[in-house]
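Just below is one structure, and these are the notes that go with it.
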Number of protein chains: 2
Amino acid sequence: MEEQHPHDRQENHDSPVEVRVVVFSLQEKKLQALFVPEDHADPGTRWTIPGMAVIGCPSLECIASECLSTYTNQHESYLEQLYTYSSPERGIISIVYFALVPQIAITTARQERPKQARWFPIDTPLLLVGDHAEILGYALRRLRYKLEYTAVGFDLLPENFSLSELQATYEIILGEKLDKRNFRRRILKANIIEPTPHQRAGEGRPARLFRYRHDAVAEVKTRRLFP
Amino acid sequence: MEEQHPHDRQENHDSPVEVRVVVFSLQEKKLQALFVPEDHADPGTRWTIPGMAVIGCPSLECIASECLSTYTNQHESYLEQLYTYSSPERGIISIVYFALVPQIAITTARQERPKQARWFPIDTPLLLVGDHAEILGYALRRLRYKLEYTAVGFDLLPENFSLSELQATYEIILGEKLDKRNFRRRILKANIIEPTPHQRAGEGRPARLFRYRHDAVAEVKTRRLFP
DNA sequence: GCAAAAGTGTTATGAATACACCCATGC
DNA sequence: GCATGGGTGTATTCATAACACTTTTGC
């Protein structure tokens, strides 16, 4: 079994089961994901999706949440199980989650973290360990897909946001331009955001700020798609 | 750890990791699922979702496939990972798949099977072990959901089928009546089935038989649903 | 000829798209 | 006063839903 770190509980692969969390965030108008260097000293190091070994059988969700807070200082955020991978070659079963954290949560890593994690734009050509590139690709597809039928975009934004910021979030994740008027009409008709008394000043006319209505149903009632 | 069966490899819970497969099929115009008795001799036994222990770290998909063929005589069929559950109380991590097998595959159990599995309509009030009722419920929701945006209904039907049979399949799974003309128009426009030269005789006018076009894209291209 | 299931079109309503200009503020 | 981003409405196209009768066979 490759790369043993006996004193490093986070990366202990003695157990054949681990939890990994693909953490997404928006930063500098780009969709970014969090990675941990395999060997911190090596400048040409390969990178890994943040993970923790599963010791015994606690709640997997709790381990994922703990992993998230260890690497991001972020407790509350969107967290969902993605898929469970087995790699017979590496002898590890990986239960993979994906998480969305708001821009605010992006802080530089604390020193006491097991390893210094770093954000990279998702289109950065990064040398990833094992099947982590495949896992990242799947997480990305799932994120884009979820965005189209759930209200998941709000988890990447701060509490209050302008409609333009919300639209930009969608455009960044989907990788395509959206029509401003159609976007606004639909998002308002969906009845999942509400105006706040606040405004955001800046260049140009100030924007009215909205917030997500937590009492709203997150899943849009789907029309039948097939047949 | 409850119920040890030292001579029964299929139900060996020494390993903290297992694979379970929720197997669905259509039988007698009902959606049915496969269950294994916890104690074969006890007439008031609780039932379990078919499963196998994970020894070492082989491919999880292979284990699920093996589990499926062990209990149904069916190798090829629709098989998809559903979710990974951890129950700290029972100390087991369960990677759950769900499978769809065609009506033909429903055979009575072979004697050499580890335990006699049985089909039950999904609305049968059955005493299930642990969190298996919750798992079954989730599998059912996922099946209904998938049916609405993928071509998954065909995996429950024989190779050739009439449009009425296909519609009945949808109605049984979704639990609602569909309009015959609208159903046909949409399923034909989707371009995923093709007519065969065969007909099915029976009461009334014979039905033209169709088959699934394996070259068709199974996933319907989704329009944006949200916002 | 009648019972039983197969097959077949049209209309009305609602949703999605495409598209261009005025508004409020900071400098 | 001008540059910058915020905000607003309409017309067209396409998809969905509702709906009833004729056709082919076995008996």
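Computed from a predicted model, the values in this text were never measured in an experiment. Naming: A, B, ... by sequence-line order, numbering from 1 per chain.
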Check the distance between [N]'s [atom2] and [X]'s [atom1] and give it to me in whole angstrom.
X: A:E165; N: D:dG7; atom1: CD; atom2: C1'; value: 15 Å
X: A:L188; N: D:dG7; atom1: CG; atom2: P; value: 10 Å
X: A:D179; N: C:dA20; atom1: CG; atom2: C1'; value: 11 Å
X: A:F183; N: D:dT8; atom1: CZ; atom2: P; value: 14 Å
X: A:E203; N: D:dG7; atom1: CD; atom2: P; value: 16 Å
X: A:L209; N: D:dG6; atom1: CG; atom2: P; value: 11 Å
X: A:K180; N: C:dT17; atom1: NZ; atom2: C1'; value: 17 Å
X: A:N182; N: D:dT13; atom1: CG; atom2: P; value: 16 Å

Report yes if a donor N or O on one partner sits less than 3.5 Å from an acceptor N or O on the other, where the partners are the side chain of B:R205 and the base of D:dT23; otherwise report no.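 Present.
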Show the atom names and distances, to 0.1 Å, of all donor-acceptor pairs under 3.5 Å that link a side chain in residues 136-143 of chain B to residues at least two apart or in another chain.
| residue | atom | partner | partner atom | Å |
| --- | --- | --- | --- | --- |
| B:Y138 | OH | B:R142 | NH1 | 3.2 |
| B:R142 | NE | B:E80 | OE2 | 3.2 |
| B:R142 | NH1 | B:L82 | O | 3.2 |
| B:R142 | NH2 | B:E80 | OE2 | 3.0 |
| B:R142 | NH2 | B:Q81 | O | 3.0 |

Using 30° and 60° as the class boundaries, would you call the ring planes of A:W47 and A:F120 parallel, tilted or perpendicular?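 Perpendicular.
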Measure the acute angle between the ring planes of A:Y78 and A:F98, then classify it against the limits of 30° and 60° as parallel, tilted or perpendicular. tilted
Here's a test of your reading of the structure: between B:S162 and A:G202, which maps to the more 5' nucleotide of DNA chain C?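 Checking each residue's closest nucleotide, the 5'-ward one belongs to B:S162.
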Regarding B:R185, tell me which of base, sugar-phosphate or nothing describes its non-hydrogen contacts under 4.0 Å with the strands shown.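 Base contact.
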Answer yes or no: does a side-chain N or O of [X] lie under 4.0 Å from OP1 or OP2 of [N]?
X: A:R184; N: D:dG7; value: yes
X: A:R181; N: D:dG6; value: no
X: A:S164; N: D:dG6; value: yes

More 5' along DNA chain D: B:K189 or B:Q199, using each one's nearest nucleotide? B:K189
Of all the heavy-atom pairs spanning B:P50 and B:F35, show the shortest one and how long it is.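 Taking every non-hydrogen atom into account, CD-CA, 4.4 Å.
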Is there a donor in the side chain of A:E18 and an acceptor in the side chain of A:S94, or the other way round, less than 3.5 Å apart?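 Side-chain D/A pair, A:E18 to A:S94: present.
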